[in-house]
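Order of the sequence lines fixes the chain letters, A, B, ..., with proteins taken first and strands second; residue numbering starts at 1 for each chain. None of these values were measured; they are calculated from a predicted model.
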Number of protein chains: 2
Amino acid sequence: MPYDPSAFPPFAVTVDLVVLTVRKDALCVLVVRRGEPPYQGRWALPGGFVRDDEDLEAAAARELAEETGLRPHAPEGPGVHLEQLATYGAPDRDPRMRVVSVAHLVLAPDLPAPIAGGDARSARWAPTDTLLGPVDANGWDAEQAPLAFDHDRILLDGVERARSKIEYSSLATAFCPPEFTVGELRRVYEAVWGVALDPRNFHRKVTGTPGFLVPTGGTTTRQGGRPAQLFRAGGATLLNPPMLRPEI
Amino acid sequence: MPYDPSAFPPFAVTVDLVVLTVRKDALCVLVVRRGEPPYQGRWALPGGFVRDDEDLEAAAARELAEETGLRPHAPEGPGVHLEQLATYGAPDRDPRMRVVSVAHLVLAPDLPAPIAGGDARSARWAPTDTLLGPVDANGWDAEQAPLAFDHDRILLDGVERARSKIEYSSLATAFCPPEFTVGELRRVYEAVWGVALDPRNFHRKVTGTPGFLVPTGGTTTRQGGRPAQLFRAGGATLLNPPMLRPEI
DNA sequence: GCAAAAGTGTTGATCCTACACCCATGA
DNA sequence: TCATGGGTGTAGGATCAACACTTTTGC
């Protein structure tokens, strides 16, 4: 077909961010409160319009920096991980206009400082299980209401992506600070999967997988008990054999 | 921010299809020849604009029907499989305008009839390894030139998705006719992964995985040799334990 | 000493690979 | 009879779950 500008309808394109972290042994997501209609006052995933001269991943990185002050790292490095998740474009997903949203997934360590660069009054970490858990008529209040737009579905897809990727990749280290113990890494797996793991077998498994963990030589007692070795993330990105998620 | 139509730039949104099949023991992709600039005369992935009132997956299903006459099935059923792959939106990926393309992956059995509904003169099955293989200055001709736009990258992502998904899901059966033998299923794995598998261990593995294959009772000798049992795809979508891809 | 968390050893079950071997058809 | 692909048996190795046990700190 020849090029005809009237042959296609115009869309708005946005990026939405599923920013996950592990806080107090719970998987949490960054949500912001909407200040204007539609869904005014409701919690939503952070996001915004893609600019005219901007690639999708660049737009996601820009929104992440605006909301949290975080910058994505190279795929291999430690720290914040950013990847494209999926795209959502149902015709009625935004009542104002036709919007296609390219969702991205961010995995970040628990930030000791409050979220930098963002507006603390309108942004917070919400445990994912209260947002995604079964809707119980009793324990339900406005604070735990579903997210705006189709953001519940996007969050669910993001959590499921994180749950499966830590099985066969070293991505769980993205939830940890630059130096961490085996026990801290295990608590990440337990929080993301929502299961209890055997500490002894877990230790053998992760320290025995080549390229997963590199000892730094230091130790720490911040968890109490016997001092634990400190590790950094190794260069390996794919785990072979994978971590096994217990069946529920 | 209040709603302001001038606050966001308009985009065109398209769907592109990576339609894969296994023909003559080779993984092949459906490509169409472009009839107009840019990239006139070059091969490209099929695709088209998303309509104003159309969901993304519906647009992909419509394009698939227009190009091949195929219809996607429910996730559980046998036959054509359709899923979203990824979204590509570099500012310069189409010289005419700003286009964001939501790529979809289709897995189809080898079609005995030529591609129905499409234009046979301008559509063909191309082996993926000649499109993606290392660029060798000798064996390179226009017929094997890279695809238009960023379709080489999209194809590579689609092939990689198919390679990994048949490890832990029963999706390989989407490449097979409704009834098939264990040997035919094995040749699918060998074509997609590009490796040779032990027929004896493969047989034990797939017939021993609960829910993967259901015997129909019939047999066939279409491959020569001893008659082989015929199977249909079972209800299982996730394989536990997964098929193991040999390391190269 | 005692609690707590970090590690190591061991055992039996499960799964995988490799290959010997048999089975049922067409030519 | 032979070639061809289908299918079963079996032995050795790798991996895993379960759990007893030792180590090293803070209190």
Note to self: Under the salt bridge (charged side-chain N to carboxylate O under 4.0 Å, His left out) definition, can you give me all pairs with a residue in residues 205-229 of chain B, not counting sequence neighbours?
What the structure shows: B:E184-B:R222

Next item on the list: Could you give me the CA-CA distance, side-chain angles and deciding distance for A:F202 and A:Y189, then say whether ring pair (Phe, Tyr, Trp, His ring centres under 6.0 Å) is met?
Entry: CA-CA 10 Å; A:F202 183 88; A:Y189 274 91; 5.6 Å; yes

Note to self: Please give me every residue in residues 213-225 of chain B whose heavy atoms get under 4.0 Å of an atom in DNA chain C, ordered by residue number.
What the structure shows: B:G225

Note to self: Taking the basic N atoms (NZ, or NE/NH1/NH2) and the acidic carboxylate oxygens, is any pair closer than 4.0 Å for A:D157 and A:R153?
What the structure shows: yes

Item checked: Pair A:R245 + A:E160: basic N to acidic O under 4.0 Å -> yes

Notebook entry, point to check: Are any of the side-chain heavy atoms of B:L20 and B:V106 separated by less than 4.5 Å?
Noted result: no

Checklist line | For atom CZ of A:R204 and atom P of D:dA14, their distance in whole Å | finding: 16 Å

Next item on the list: Tell me yes or no: between the side chains of B:S101 and B:D16, is some donor less than 3.5 Å from an acceptor?
Entry: yes

Note to self: I'd like the 5' and 3' limits of the part of DNA chain C contacted by chain B, with heavy-atom contacts below 4.0 Å.
What the structure shows: C:dC16 to C:dT25

Item checked: Interatomic distance, A:E167 CD vs D:dT15 P [rounded to whole Å] -> 18 Å

Note to self: What is the distance, to the nearest angstrom, from the CG atom on B:D198 to the P atom on D:dA11?
What the structure shows: 18 Å

Next item on the list: Side chain of A:P227 only, please: which of D:dG6, D:dT24, D:dC16 is the nearest?
Entry: D:dT24

Next item on the list: Report yes or no: does B:R163 contribute a side-chain atom to a donor-acceptor pair with the main-chain N or O of B:V192 at less than 3.5 Å?
Entry: yes

Notebook entry, point to check: When you check the phosphate oxygens OP1 and OP2 of D:dT15, does a side-chain N or O of A:K205 lie under 4.0 Å from one of them?
Noted result: no

Notebook entry, point to check: Can you tell me how far P of D:dT4 sits from CZ of B:R187, to the nearest Å?
Noted result: 14 Å

Next item on the list: Just compare D:dA18, D:dG6, D:dC16 and give me whichever is closest to any side-chain atom of B:R186.
Entry: D:dG6

Next item on the list: Look at the side chain of A:T209 and the backbone N and O of A:L239, then say whether any donor-acceptor pair between them is shorter than 3.5 Å.
Entry: no

Check: How many Å lie between CD on B:Q229 and C1' on D:dG7, as a whole number?
Finding: 9 Å

Note to self: Both B:R226 and B:P242 contact DNA chain C. Which one's nearest nucleotide lies toward the 5' end?
What the structure shows: B:P242

Next item on the list: Kindly give the heavy-atom pair with the smallest separation between A:R161 and A:L105, and that separation in Å.
Entry: CG-CD2, 3.6 Å

Note to self: In this structure, how many angstroms lie between the C1' atom of D:dA17 and the CZ atom of A:R245, rounded?
What the structure shows: 18 Å

Check: Expressed in angstrom and rounded to an integer, what is the separation of A:L197 atom CG from D:dA18 atom C1'?
Finding: 14 Å

Check: Taking for each residue the nucleotide of DNA chain C with the nearest heavy atom, is it B:N201 or A:R200 whose nucleotide lies nearer the 5' end?
Finding: A:R200

